[in-house]
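What follows is a set of notes on a single structure, which appears directly below.
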Amino acid sequence: MNIAYIGLGSNLGESRSILQQALVNLADHPSIHQLECSRFYRSSPVDSSGPDYVNAVARLETSLSSLALLHLLQEIENRYGRERPYINAPRTLDLDILLFNDEINHSAELTLPHPRMHQRAFVLLPLQDLAPDIVLAQGTLDTLLEQCKDQGIELL
Ligand SMILES: Nc1nc2c(c(=O)[nH]1)N=C(CO)CN2
């Protein structure tokens with residue numbers, strides 16, 4: 001069984017209920033097990049403008065490959081009317097694979113671990129709820145959170 005961490009984000013529409021519904025969609029999938037989610041956070045947009053985001057991180061076990069999981073996440077994003085008019089545009093639902101076992105992937109479709117997760121408090125703080133002792137290639141969660149403490153984020 002594979003273990004994946006997924007970043008969830010939304011800053012358009014009913015963000016909290018969209019995230020909750022997306023978690024139900026994931027939990028209902030026959031190849032996804034043991035889904036757990038962090039607390040929800042409100043965060044200021046990083047590298048983009050527009051409304052604040054609601055962010056969370058989920059941990060799940062799956063028999064799917066990383067690419068099959070990516071395609072499932074894209075399909076769920078599309079159910080919530082996700083459009084991609086420009087890079088980092090506001091979005092109803094963003095589902096990113098952050099970590100997939102210890103997989104390192106630099107394919108055209110998927111980069112693992114997620115290339116910017118270590119610089120984003122909206123990923124690191126919810127990840128800390130689920131896996132406080134996890135150590136990324138760039139350092140511990142405490143060390144990395146210290147480096148992005150200027151990013152606005154609060155517990156919902
Ligand atoms: N706070 C916050 N900022 C972002 C987010 C996000 O989920 N939360 N997602 C982005 C595109 O992936 C760009 N900026």
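Just follow the structure's listing: the first ligand is 1, and inside any ligand the first atom is 1. When reading the values below, keep in mind they use all heavy atoms of this one structure, side chains included, and skip hydrogens, waters and symmetry mates.
- Counting heavy atoms under 4.0 Å from ligand 1, residue Asn55 touches it through the side chain alone.
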For residues 18-33, please give each side-chain donor-acceptor pair under 3.5 Å, one per line with the distance, not counting sequence neighbours.
unit_1	atom_1	unit_2	atom_2	d
Asn25	OD1	Tyr80	OH	2.5
His29	ND1	Ser31	N	3.0

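- Here atom 1 (N) of ligand 1 lies nearest to Ser43 when heavy atoms of Gly7, Ser43, Gly50, Gly9 are compared.
- For ligand 1, the polar-atom distance check against Asp94 finds a nitrogen or oxygen pair separated by under 3.5 Å.
- Distances from atom 13 (C) of ligand 1 to the heavy atoms of Val46, Val123, Leu8, Asp47 put Val46 nearest.
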When the side chains of residues 107-126 are checked against the rest of the protein, which donor-acceptor pairs come out under 3.5 Å, sequence neighbours left out?
unit_1	atom_1	unit_2	atom_2	d
Ser107	OG	Asn105	OD1	3.0
Ser107	OG	Leu110	N	3.2
Ser107	OG	Leu110	O	3.2
Glu109	OE2	His71	NE2	2.8
His114	ND1	Arg116	N	3.2

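- With a 6.0 Å radius and a threshold of 12 heavy atoms from other residues, nucleotides or ligands, Gln138 has its CD atom above the threshold.
- Side-chain contact between Val57 and Asp129: absent, with no pair of heavy atoms (C-beta onward) separated by less than 4.5 Å.
- By the neighbour-count criterion of 12 heavy atoms within 6.0 Å, atom CG of Leu155 is densely surrounded, having more than that number from other residues, nucleotides or ligands.
- Residue Ser48 has at least one heavy-atom neighbour below 4.0 Å for each of these atoms of ligand 1: 13 (C), 14 (N).
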